[in-house]
Every structure is written in structure tokens, then in C-alpha cells.
Amino acid sequence: MTVLPNPHLLATPGLVDSHIHPDKTTWGDPWMSRRPAHSLTELIENDRATQFDLPSSVEDRSYALMQHALANGTLAMRAHVDVSTELGLRNVEGVRAAAERLAPHLSVQIVAFPQFGLLTDPGTLDLMAAALTAGADLVGGIDPLGIEGDLHGHLDAIFGLADQSGRDLDIHLHDGGEDGLAEIREIAARTVAGGRQGRVTIGHAFALCDETLPSLGETLDCVAEAGIWIATCALGPDPVPNIDRFEQHGVRLVAGSDGVRDTWSPFGSGSMVDRAHLLAYRTGAMTDAELERAFRIASTAGGEMLGLPDLAEWAGATAPTRLEFAAENLAQLVVDRPVPARVLRHGADVTG
């Protein structure tokens, strides 16, 4: 049945969460008090210490968050899901099971993510390979220097697995400074050498947000040449990109929630309207064009990265995949953060 647009509502493209960790969420569970952490290593250790003690299953928590995100207009997400010798494949299997319960309305790409190390956790690489036949779609990576201490060893492993499996790559990179930029340039060089332009994403990429670094411009050019996507989450004290400069260099940017109410942070709403608002706020958006750009980064840009035509290309107010909001325009929508009045995917009304 065709669902006609409401002329009193603003029709927009669907939203895309390009970087989220649904296996870690406590959504739907009782409140969890977080332990203090002052470094990436401490945050990861807190996560490791609590994952087995959460009262609900990975599937149930992931489903609760995904269902809420869908009701808030997220029609696709790229989910980074932990794989380790301690966890095995249970998180990948749980998130995939949750995603299947919401298909075809919500598209979910799963990244096999070595949160607790790959070289430093022997056996993880084999488990990541197994994850690619158990529900994962992409090969993940994490700070080759900051976490693993071996730039080339880590990249050899994940690029090798991607080559063997024919999968794309999505790499967490928190490392800052010139070392972080050097890692990014090496990833870009390997991307070009392997003909992987457009098939590699770097999440966070905090070094690219530091305007004081001498090799920033050179690195941005390398990222653009390699067609690497950069995923930002605009979290708390984390660095945010200079979007104007990214655009000047031709770097493509998407947005995600990262962790939502997990051991890392009590914050997160599962709404990409909220995330567009936060990105706009933290990057000093003021004009309508800047606010509209934040919405585009949280919607069609993510659809392009995930390779989903109905989310990458906006076909207008009568598109079978669309959101409808009580808002005058996109700028006001980003500022006021309303919940969509209607959510449609492929012509089906899936409003929560």
C-alpha cells in the first residue's frame, strides 16, 4: 500500500548511524553506575570487566536499542561488535539475531571489532575470520600503535583478512598527534595500493581534528585520494573535525552514536537527530546551510558509505523511504530535535 506524504509535515531522507556499538548498550536494563576511567586503556578494561555481568542478553539489549533507533528515524547502522578470545562470536551472533528481527526496515552492517586487541590477544584473528561467516560483514581494527604497538603487524593482519574474505574495512583510530597522522597515511597508502578506494572507513580519527599538526593538510589529501570515509561521533570532550577544512580537501564525513548508555558513558539517546544537533553545536554551526550539512552527514552521507541507494539518494517528499517531521525546515529540525511523526522504508510505515 502506498503511504502518501502529509503536506503539513517536513519530509526528509532517512537517518543513518554510521558508527555504533549495540552489543555494549544497557538500553532497557536497569540503571548502571559507571566506574571512573581516565584513559582509553581504563575504559576498555571497564568494558571487559562488565560485559559478562549485564542482566540481559546481547540480542535483547541490541534489539531494544535498534527498535528505539528505528522509531527515531534511523533506517541503517554500521554496528561495531566485539570479537575476542573471551567473548568468542556471541556478540556478533546476538547483534545479527536482533537485526534480523527488524529487517527489512532497519539495515545493519556488522563490523568484527577486535576491541581487546588482535595481535595482543592471540586467536582473535581466527575468530574474526569465523565472525565473517557468522553474521559480520566487515573487518575491523583498532589503534595499531596505541593499543597493539605494531603498526605494520596489525595492518598486515586486518588488510590480509579483508583481502582473503573480499570484505571492506572499518578501523577505530583514537591515536592523536603526528603518530596518529602517520598511521592514517599508512592506511591510506595501503588502501590505494590494494585498489580499495571507497571501501575503507576510519572511526574517530582524532589526529585529523588537530589543526596544530604540521602534516594535517598532507594527511587530509591522502585520505581524500584514498576515498577513505571518516566517522565522527562528536562525543563529550573528544575532538571534532573542522568540517569546512575536510570539505576543502575532499574528505568524506559521516556521523554515528558510538556507545549508547554503555560502560564507557551514561549518555546517548539512539537518535541521529540528536547526533546531528550535537555535531552542529560542537562545530559551531550557525547558518541554515551549516545546520543542513549536519543533517546530511547524519543521513545521506551515511547511506552512501553503506551503499544503500534509498538512503544515499534523496528522491523528494514522495520517496518511498522517508521521514516526516513537525518542522519548518531542516535547520529548525536539527536545532529542535523532534521525534519523527512518520518513518517509512520502501513504502512501509514503520513508525514506532
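As the structure is a prediction and not an experimental result, all values here were calculated from the model.
The heavy-atom pair separating Ala319 from Trp314 by the smallest distance is CB-CZ3, 4.0 Å. The two residues Leu169 and Ile158 make their nearest non-hydrogen contact at CD2-O, 3.6 Å. The heavy-atom pair separating Gly140 from Val111 by the smallest distance is CA-CG1, 3.4 Å. Closest approach of Ser165 to Val139, counting heavy atoms only: OG-CG2, 4.3 Å. Of all non-hydrogen atoms in Cys233 and Asp258, the two that sit nearest each other are SG-CB, 3.6 Å. Ala234 and Leu278 get closest at one heavy-atom pair: O-CD2, 3.0 Å.
Judged purely by distance below 3.5 Å, without hydrogens or angles, the side chains of Glu59 and Tyr63 never pair a donor atom with an acceptor atom. For the residue pair Glu178 / Ser215, a side-chain donor-acceptor distance below 3.5 Å is found, with atom types taken as modelled. Under the 3.5 Å distance criterion, with hydrogens and angles disregarded, no donor-acceptor pair is assigned to the side chains of Asp17 and Thr74. A donor and an acceptor atom, one from each side chain of Ser269 and Asp274, are located under 3.5 Å apart. Counting only N and O atoms by type, the side chains of Thr26 and Asp29 include no donor and acceptor under 3.5 Å apart.
Separation of atoms OG (Ser271) and CG (Leu15) is listed at 7.0 Å; rounding is to 0.5 Å. With rounding to the nearest 0.5 Å, the separation of OG1 in Thr12 from CG in Leu323 is 4.0 Å. To the nearest 0.5 Å, the span separating CD on Glu247 from CG on Asn242 amounts to 9.5 Å. In this structure, CG on Asp170 lies 11.5 Å from CG on Leu173, to the nearest 0.5 angstrom. Taking CD1 of Ile202 as the reference point, atom CD1 of Ile230 lies at 4.5 Å (rounded to 0.5 Å). Separating the CD atom in Glu218 from the CG atom in Leu181 is a distance of 9.0 Å, to the nearest 0.5 Å.
The hydrophobic clustering, which links ILVMFWY residues whose side-chain heavy atoms are closer than 4.5 Å, places Leu151 and Ile228 together. Ile147 and Leu118 are members of different hydrophobic clusters when ILVMFWY side chains are connected at heavy-atom separations under 4.5 Å. Clustering ILVMFWY residues whenever any of their side-chain heavy atoms sit less than 4.5 angstrom apart, transitively, puts Val81 in a cluster other than the one holding Ile142.
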Item checked: Worked verdict on His154 versus Asp150 for side-chain contact (heavy atoms from CB on, under 4.5 Å) -> CA-CA 6 Å; His154 185 83; Asp150 185 345; 5.5 Å; no
Next item on the list: Please assess Arg190 against His152 for the test side-chain hydrogen bond (donor to acceptor under 3.5 Å, both in side chains), listing each intermediate value before the final yes or no.
Entry: CA-CA 10 Å; Arg190 288 174 180 248; His152 293 288; 3.2 Å; yes
Next item on the list: Assess whether salt bridge (charged side-chain N to carboxylate O under 4.0 Å, His left out) is satisfied between Arg293 and Asp244, documenting all intermediate values.
Entry: CA-CA 10 Å; Arg293 179 173 64 182; Asp244 286 341; 2.8 Å; yes
Notebook entry, point to check: What do the steps show when you test Ile184 against Val223 for side-chain contact (heavy atoms from CB on, under 4.5 Å), and what is the final call?
Noted result: CA-CA 8 Å; Ile184 292 169; Val223 169; 3.5 Å; yes
Next item on the list: Begin with the C-alpha distance, continue with both residues' side-chain angles, and end with the deciding distance and a verdict on salt bridge (charged side-chain N to carboxylate O under 4.0 Å, His left out) for Arg345 and Asp310.
Entry: CA-CA 9 Å; Arg345 186 81 190 274; Asp310 69 316; 2.6 Å; yes
Margin query: Run Thr85 and Asp121 through side-chain hydrogen bond (donor to acceptor under 3.5 Å, both in side chains) and show every step you take.
Written below: CA-CA 7 Å; Thr85 55; Asp121 184 16; 2.6 Å; yes
Note to self: Set out, in order, the CA-CA distance, both residues' side-chain angles and the distance that settles side-chain contact (heavy atoms from CB on, under 4.5 Å) for Leu216 and Asp210, then state yes or no.
What the structure shows: CA-CA 8 Å; Leu216 176 60; Asp210 189 342; over 6 Å; no
Item checked: Step-by-step side-chain contact (heavy atoms from CB on, under 4.5 Å) determination, Val92 to Val83 -> CA-CA 7 Å; Val92 168; Val83 175; 3.7 Å; yes
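For the pair Arg275 (side chain) and Gly270 (backbone), a donor-acceptor distance under 3.5 Å is absent. Judged by distance alone, with hydrogens and angles left aside, the side-chain atoms of Gln332 form a donor-acceptor pair with the main-chain N or O of Glu328 at under 3.5 Å. Side-chain atoms of Arg261 do not come within 3.5 Å of backbone N or O of Gly28 as any donor-acceptor pair. Judged by distance alone, with hydrogens and angles left aside, the side-chain atoms of His80 form no donor-acceptor pair with the main-chain N or O of Phe113 at under 3.5 Å. Ser299 contributes no side-chain N or O that, together with a main-chain N or O of Pro13, makes up a donor-acceptor pair within less than 3.5 Å. Checked by atom type and distance alone, the side chain of Glu148 never pairs as donor or acceptor with a backbone atom of Leu145 at under 3.5 Å. No donor-acceptor pair closer than 3.5 Å links the side chain of Asp60 to the backbone N or O of Ser56. In terms of modelled atom types and a separation under 3.5 Å, the side chain of Asp82 and the main chain of Gln115 share no donor-acceptor contact. Checking side-chain atoms of Glu186 against main-chain N and O of Ala182 turns up no donor-acceptor pair under 3.5 Å. The closest donor-acceptor contact from the side chain of Arg342 to the backbone of Glu324 lies at 3.5 Å or more, if one exists at all.
With salt bridges taken as basic N to acidic carboxylate O contacts below 4.0 Å, one links Asp163 and Arg196. Arg245 has a carboxylate O that lies under 4.0 Å from a charged side-chain N of Glu211, or vice versa, which qualifies the two as a salt bridge. Salt bridge Arg185/Asp221: absent, no basic N to carboxylate O contact under 4.0 Å. The existence of a salt bridge linking Glu292 and Arg296 is excluded, since no basic side-chain nitrogen approaches an acidic carboxylate oxygen closer than 4.0 Å.
By the 30° and 60° cut-offs, the orientation of the rings of His174 relative to Trp264 is parallel. Aromatic ring pairs are classed by plane angle as parallel below 30°, tilted from 30° to 60° and perpendicular above 60°; the pair His19 and His172 is tilted.
Taking the side chain as every heavy atom from C-beta outward, Arg322 and Pro5 approach each other to under 4.5 Å. No side-chain heavy atom of Leu102 sits under 4.5 Å from any side-chain heavy atom of Val108. Within the 4.5 Å cutoff, side-chain heavy atoms of Leu253 are placed close to those of Phe246. With a 4.5 Å cut-off on side-chain heavy atoms, Val16 and Met77 do not count as touching. Counting heavy atoms from C-beta outward, Pro30 and Pro55 have side chains that approach closer than 4.5 Å. Leu125 places none of its side-chain heavy atoms less than 4.5 Å from the side chain of Leu119. For the pair Met66 and Val95, the minimum side-chain heavy-atom distance is below 4.5 Å. Side-chain contact check for Ile187 versus Ile171: some heavy-atom pair is nearer than 4.5 Å.
Only one option out of Arg167, Arg96, Arg199, Arg78 pairs with Asp137 in a salt bridge (Lys or Arg N to Asp or Glu O under 4.0 Å); it is Arg96.
Cation-pi check for Arg61 over Trp27 is not met; the charged atom does not lie both under 6.0 angstrom from the ring centroid and within 45 degrees of its normal.
By the neighbour-count criterion of 12 heavy atoms within 6.0 Å, atom CZ of Phe206 is densely surrounded, having more than that number from other residues, nucleotides or ligands.
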